[in-house]
There are 2 protein chains.
Amino acid sequence: MSTKERQIEEVVLFQIERTNKVARQYAQREFDRLALGITVEQWILLKIVEEKAPLSQKELAGSSLRDPASITRTLDLLAKKGYVKRKPIAGNRRQYDVHLTTAGKAFVKKHLPTVKEQRELSVKGLSLTEIEQLQNTLKKIQENLGG
Amino acid sequence: MSTKERQIEEVVLFQIERTNKVARQYAQREFDRLALGITVEQWILLKIVEEKAPLSQKELAGSSLRDPASITRTLDLLAKKGYVKRKPIAGNRRQYDVHLTTAGKAFVKKHLPTVKEQRELSVKGLSLTEIEQLQNTLKKIQENLGG
DNA sequence: TTTCTTTTGTTGACATATCAACTATTGATC
DNA sequence: GATCAATAGTTGATATGTCAACAAAAGAAA
């Protein structure tokens with residue numbers, strides 16, 4: 001079977017990137033409109049910490065597929081805003097337990113509905129089957145690429 | 001219908017972002033291993049220019065969903081590598097016709113097979129129906145979010 | 001225990017994403 | 001034609017993504 005020349009718009013990975021961009025841009029505009037004062041990337045970290053705290057920065061990097069350097073810097077910003085804290089671990093001075101502050105928990109609780117609305121809007125008009133199929137296909141692609 | 005609490009891993013947009021990251025990281029590792037000397041983002045711009053040249057930077061920003069500022073800087077890098085040129089337009093001193101140089105065309109031609117292999121690997125084991133379904137679903141999500 | 005290796009996190013450097021401010025030019029209105 | 005508004009591109013500032021170099025600490029090996 002020959003490999004057809006394909007316009008870049010028809011390439012699956014390009015469409016995935018495009019969808020990701022559209023979604024992030026939409027979400028950030030909503031965040032800005034509602035004056036949340038954080039970026040989408042920061043929100044995702046907050047949400048992961050909320051779900052899995054306490055966890056180390058290494059675990060946070062793994063969960064979010066980010067570089068440890070990104071985690072360090074984003075946590076610095078979130079700490080400056082008062083939403084997260086690095087707690088020293090007794091008997092281990094090499095890593096920290098990252099967790100939400102009271103203000104951080106309140107912030108997530110307050111704005112989770114907004115984020116949920118965005119999620120629901122993104123899959124509006126899609127059947128449950130379609131959504132499950134999408135998740136399955138995405139996971140297969142990730143596995144193909146060693147993710 | 002109530003809105004269930006969902007772990008972030010189960011959120012469609014999170015999986016799309018994750019797939020995008022896995023794909024970019026895989027592609028960049030391959031580029032580095034083969035010493036292409038460019039980033040994945042630069043490759044995508046090159047490919048768009050190859051397909052649509054001559055085009056303005058504004059059009060390039062639209063096609064790639066990037067900010068004009070990103071286009072300026074990435075084009076500067078690609079121009080320094082000798083792969084693209086900004087050609088003044090007769091009778092219009094406000095915009096440029098962006099196009100590939102001879103070296104740029106040769107570069108794309110030389111490395112396109114590598115990129116195609118990556119694309120094929122990414123959809124390995126997926127049926128044609130599955131791929132089409134994925135494209136359709138992604139486009140619906142983009143439309144839902146105004147993209 | 002002392003030395004060597006690995007792990008965790010930070011920092012520096014560069015590319016990219018984004019917004020805002022700015023310049024130059026073009027188009028529109030008077 | 002002169003003035004004003006819109007457009008194309010650039011630059012600055014800040015956040016993020018990534019790699020490499022690094023420091024401190026923990027674990028392994030001698």
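All figures in this text were calculated on a predicted structure; none of them were measured in a lab. Proteins come first, then strands; the chains are lettered A, B, ... in the order of their sequence lines, and each starts at number 1.
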*For the pair A:F107 and A:W43, name the ring-plane relationship: parallel under 30°, tilted 30 to 60°, perpendicular over 60°.*
tilted
*Rounded to whole angstrom units, what separation is found between the CG atom of A:L75 and the C1' atom of C:dT11?*
15 Å
*Taking A:S70 for its side chain and A:R66 for its backbone only, find out whether a donor-acceptor pair lies under 3.5 Å.*
no
*asked:* Tell me the interatomic distance from A:I89, atom CD1, to D:dA25, atom P, rounded to whole angstroms.
replied: 14 Å
*Length of the CD1-C1' vector between B:I71 and D:dT7, whole Å*: 17 Å
*Rounded to whole angstroms, how far apart are CZ on B:R86 and P on D:dG9?*
9 Å
*Treat primed atoms plus P, OP1 and OP2 as sugar-phosphate and everything else as base, then score nucleotides 17-26 of chain C 5' to 3': B for base contact with protein heavy atoms under 4.0 Å, S for sugar-phosphate contact only, - for none.*
BBB----BBB
_Ignoring hydrogens and geometry beyond distance, is a side-chain donor-acceptor pair present between A:N136 and A:E132 at under 3.5 Å?_
no
*OP1, OP2 of D:dT16 versus side-chain N and O of A:T39: anything below 4.0 Å?*
yes
_Spacing between A:K80 atom NZ and D:dT14 atom C1', to the nearest angstrom_ = 10 Å
_Holding to salt bridge (charged side-chain N to carboxylate O under 4.0 Å, His left out), I want the full list of residues that pass it with A:K85, two or more places apart in sequence or in another chain._
none
*Sequence neighbours excluded, which residues qualify as salt bridge (charged side-chain N to carboxylate O under 4.0 Å, His left out) partners of A:K87?*
none
*Quick one: does B:T39's side chain get under 4.5 Å of B:L77's, heavy atoms only?*
no
*Just how far, in rounded Å, is P of D:dT11 from CG of B:D76?*
7 Å
*Rounded distance in Å - CD (B:Q42) to P (C:dC14)*: 14 Å
*Measure the distance from OH on A:Y96 to P on D:dA25 and round it to the nearest whole Å.*
10 Å
